Amino acid sequence: MSIKVRTVERKGRTFLEQLYLVEVIKGMTVTLGHFFRNLLDNSRLYVRHYPEVKPEITARWRGRHRLTRHEDGSVKCVACFMCQTNCPSNCIMIEAGERFDGKSEKMPTRFDIDLLECIYCGYCVEACPMDAIRMDTGIYSVTSYSRESMVLGLEDLLETPGAFAEEEYKKGGG
Amino acid sequence: MAELVKLFVNGQEVEVESGKNLIDALRVVGIEIPHFCYHPALGADGNCRMCLVGIEDGRPPLVPACKTPVQEGMKVLLDAEHIKKIQRDVLEFELINHPVDCPVCDQAGECALQDYYMNYSLDDSRMQVAQVTKGKRMDFGCGVVHDQERCVLCGRCVRFTRQITKTGELGIVNRTDAARVSIFPGKPLNNRYALNIVDICPVGAMTSSDFRFRQRVWFLKKDPGICHGCSKGCAIYIDHHREKYKDDVIYRYRARTNLNVNGYFICDDGRLSYAGENENRQTSALADGAVIGFDEGIELVRERLDRARKPLMLISPDCSLEQMWAVQRIATLYGAELSGYSDNYIIDGDGDEYLINDDKAANRRGLELLEIDFSRAQFLTGLQHTDLLVNFNNDLFFGGVDEELKSLLDKTQSIAVCSHQLQVYESASIVLPTASYSEYGGTIINEDNVLQRFEKALFKNEDPKDVLEITRLLGGAINDAPHAWPGIKQSVACLADIDPQAIPAEGIKLQNSEDTNVGA
Amino acid sequence: MSDRSELLSTGEPFAFDAERDAEFERLIVRYPIRESMIMPALWMAQEQQGWISTEAIEYIAERIGTFPAKVFELATFYTMYQLKPAGQYHICVCRTLSCWLRDKQAIVDYLAEEIGIRPGQISEDGRFSLEEVECLGHCGTAPVVQVNGEFHEEMDLEKFKALLATLE
Amino acid sequence: MSALDILLVILRIAFGAFVPLSFVAVLVWMERRGAAFFQDRAGPNRCNVLGFRAGGLIQNAADGIKLAFKEDIVPGHVKHKFYFILAPMLVFITALLCFAVIPFADVLILGDKHYIMQAIPMDIGILWFLAVVGFGVYGIILAGWSSHNKYGVLGGLRAAAQVISYEIPMGLALVSLLAVYGTVNLTEMAQFQGRLLFGFIPMWGFVLQPLGVIIFIVAAFAETNRTPFDLAEGESEIVAGYHVEYSSMKFALFFMGEYVAMFVSSALIVTLYFGSYQIPWFTTETLVTYARPVVIAIMIGLPVIGYFFAEWMKRNNRSHYYRENDPRQKETAVYVALLWSLVAILEVVLLVYLVFAHGGVADRILVALLQIGTFLFKTFLMCFVYVWVRWTLPRFRYDQLQKIGWEKLLPLALLNIFITSAIIVSFG
């Protein structure tokens, strides 16, 4: 089957259009319309009044990371390094150690995420075989006054709860 | 070289060495036959059935490749449907009770089962009954940790303890699905080669407690090197990795196959000697205990050497041939006496007939070839008369503190060019840091006259200068290791024909060594 | 099959008594390889002690000049070697294919429910011990139960119950 | 010279110097908030002093303070520090000087004395403008060259080529205008535009020179380096052009220079083509004659305007999301109060005028003030056009820019001269 060729009519070849001035004025009328609309009633602006009005985020939103726990409170992570291996920006740093609680043989003794390097691609979440790392904290504004405090440790990651109900998160394909 | 035979693999003609089995012979020409239980050092056992191939000459449809020697005109089938099916079936069988805990398994990434599954199977499990559970994290002694569930019962470890170390600590107990590798109760592994079991285990059943969980293997850079633990000079792989924001460190040594020297294995002492490369390192130049800049240190050493009337230089028997040559040159330049005294490197009775030697000096043959005197008499006389000792990384107290030497050393003004912080260098007034053997390249000659070359493996954030570089900074003419060779070739007869760039991985066995053995 | 790799220790050194010692010396010269003597030696130990202890295995390995682990392998492989004291009635249920297909599991489950022993265990009163064994060579009349060396073939749950009743 | 003379000199010079500077603040505010409204955004409106945002004007103060207190960096690689420092001054001062010749009200007749309402009363008028505005490009070239930075040099070169190219059509457009007005004196030009064509059309420049006004406005945009002709800065390809190495107040001077230039060229366009300070159909003399009715009209109009303005503020100056005790509504209440007091004061002033001071000098001053207001209002609108164009049209490519200058505007300007001359010669 041959590709269908459709000749698109070229715009801008009429005299008036080539004169440019008329088109400039047309364009300017459009922008002026917007200007007056907003000037006369600025409640019509297409803006969100952040930070007072926060955006509603969905369960699929990739926010700051967290590490999940089993129902009995033990760490789900088994320090398999899959997230670190998959991380395209190399922002995950894990150190593993022995584990004796019967869940696994291995657990992280250090789990650092350098949020300054993270690109929030979510590959770590996809790579995780244990559903131990998630990006469902709903935290989208990650700021700090120092570089050091942008590196999250194991404790920080475990402390933050998820922002969504389990079924909602699962529905999001997580 | 053995004679060549021609045979056909999947209809394609290949030429291989005769006298080998199919696995070994075809591996040389790049054809892989999957196998678990066969290991060239342990021989064919034929229990895993993974290497089943077809031979089109009236034999049964499936024969184990590990037990089949190559023959002229043999027609080997590797990709026939029934071969593929048997491979899939064997893998399915092996995986019935395998826990598939690859995420937490240290072997993941270098696991035969994993690789073969990806290459030959990719089937889903059909099992619906619960898996048989067995012992996990069992301490077998000598730093070997065993996981019975991951085991594929190839028996390599059992055969290793019976054939190689002849200690026989391991056995396969029980039968059928309850079979497992075990030690006899109360008799854990107890031999100096036990960690080789971790290397030869095709799956993650045997892990080393030393390396366990420390790093994933796919992050490691695997550079060939030579163990400097003793005069055997075993071929090793240096597995190292630079973690983010950190320095390049070695995580483990593994045996590298070199049939000329160590065969397939290395001893545990050598394997664990990697820790010495990471720890206790001298990283900064010191003058009377105070940290100074390296360049400043070099200047100070030059000054002292110029002032000294009768300097004495002491070189480590671990140094590479090139470094020895360069130090020899610099000794001539400063009119210094040169000694390679290193009797303390010999620990009597420590060696065995296999891979461990009494002599812990890696390159004593180099000292002999370059005719560097390493007699105690010469060194003692030199030490008594010298006003400046320059010690190039020679740990005089290796086998224990020598009181006579210690009192003499304390009296002598000395300069230490050292890679590690050791007691022997404490009396030195100037200390210069230098590279250790994983951080430079060179050649060494082992006790059996095998010349081996190794390359720089580690690239530290602050790369320490190697002895050769330090001699250059002190005014020597040798720029780098290859630059030393024309001189070495001229003065050492048995090395005259060696091309240092063309030394093969397995090394070169030097000839007419008796004639050149003068210095000893 | 249950795991037989847990050995029991008597706490006392083992040695053949004089009669078996002589028997051992008489037999060992028959074999071109000394290791071939392991199995007869294990039999002798079991005859002497009733079961095979850690010490017995060590003694046999020492005596033959082989590794204890090798003797251990054989002792655990063959289910006729008792690695712990057996009950008054030692019940062996075949677990290999024919018997399994003919529902040996019903018998094993019944024993677990009724007497409370699982394969490898001995009942609290010491009367019954159960072992699942590999093929007993009577596949044509499966399932097979062996009680103290005596074969009972073509068993089903009812027959087994009857058999058990005769033992009480 | 009498005291009145001196006072008026001071007043005029002060007007010429400070009005453009004050307008910088207004223009920056207009640009940012205007840009936002054109694009359906809000623009900077967060900055406040005690909760008073002044519609975003406080942001300008904050920016000014920031720029003033920033570290003033002269990069180490700059060899000619003198020129490096001179450049922003040059840009700013030339822009400011241009305004000196622009009349902002009709000649003020106080008694028997005539005061020309320009900062510097000069006959050469438009020629002064052309001379000084052309000088401004030296600042840009110097800045680019002395920055010792390839982007800077490129920006400077572009600016130089651009300004030179567009001065020609600009000058030629003026030639035909001069032919129409018959003078180069800007005050006389402004007075000329007070007349009526055919008795009912105000004789403003754009009526007489419809082609000329287009050419002149386009060229003026190019002269001030404003979009769509801001090739000298070209953030996307040459980072920031000539002021890439500048920081702190030196950068601020460039910035202010740009806005002053924009204000001045708006003022000039208004003067030349849009009747300067003239209120259509109300010449100076008419206004003087009918001063009282005009004042009464203003007095009636003021509260009406005030009412609508207050309503507009109330509607817009509030938080558009739920907020308890919305502080912005309180802010608005203050503004509305201020507005009404302002209206009240004006009403009182005008009432005082009506009752006590009408006739003679007071009328003249009142008319002058009205004309100044008109002039500033027109200029303000023209500045708005600048902003409007900037947020509507995309930037030209550099070759397009030169092409328009040389191949379109230049022939058109020549044609315009020809037609104008022909009409003038034919109809006198």
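Keep in mind the model is a prediction, meaning the values are calculated, not measured.
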Under 4.0 Å between a side-chain nitrogen and a carboxylate oxygen: does that hold for D:Arg328 and A:Glu52? no

Pick whichever of D:Gln39, D:Arg315, D:Arg41, D:Arg33 has the most heavy-atom pairs under 4.5 Å with chain A. D:Arg41

Interface residue of largest heavy-atom contact number with chain A, from D:Arg318, D:His320, D:Lys408, under 4.5 Å: D:His320

Check: residues 210-224 of chain D side-chain donor-acceptor pairs under 3.5 Å, at least two apart:
{"from": "D:Thr224", "atom 1": "OG1", "to": "D:Ala220", "atom 2": "O", "distance (Å)": "2.9"}
{"from": "D:Thr224", "atom 1": "OG1", "to": "D:Phe221", "atom 2": "O", "distance (Å)": "3.0"}

Taking CH2 in D:Trp204 as the centre, count heavy atoms belonging to other residues, nucleotides or ligands within less than 6.0 Å. Is the count above 12? yes

State whether the number of non-hydrogen atoms from other residues, nucleotides or ligands found under 6.0 Å of D:Lys70 atom NZ is greater than 12. no

For residues 33-47 of chain A, give me every residue with a non-hydrogen atom less than 4.5 Å from any non-hydrogen atom of chain D. A:His34, A:Phe35, A:Arg37, A:Asn38, A:Leu39, A:Leu40, A:Asp41, A:Asn42, A:Ser43, A:Leu45, A:Tyr46, A:Val47

So which residues of residues 138-152 of chain A are in contact with chain D at a heavy-atom cut-off of under 4.5 Å? none

Side chains of A:Thr31 and D:Trp391 only: does a donor on one sit below 3.5 Å from an acceptor on the other? no

Of the backbone (N, CA, C, O) and the side chain (C-beta and beyond), which part of D:Phe384 lies under 4.5 Å from a heavy atom of chain A, both, or neither? side chain

Under a 4.5 Å heavy-atom cutoff, which of D:Asn317, D:Thr392, D:Asp40 has the most pairs with chain A? D:Asp40

Atom pair CG (D:Leu393) and CD (A:Glu23), whose distance is rounded to the nearest 0.5 Å: 11.5 Å

Would you say that more than 12 heavy atoms from the other residues, nucleotides or ligands in this model lie under 6.0 Å from the OH of D:Tyr321, or not? yes

If you check every heavy atom in residues 76-102 of chain A against those of chain D, which residues fall under 4.5 Å? none

Answer yes or no: are there more than 12 heavy-atom neighbours, outside A:Tyr123 itself, under 6.0 Å from its atom OH? no

Taking all non-hydrogen atoms of both residues into account, name the closest pair between D:Trp388 and A:Met28 and its distance. NE1-O, 2.8 Å

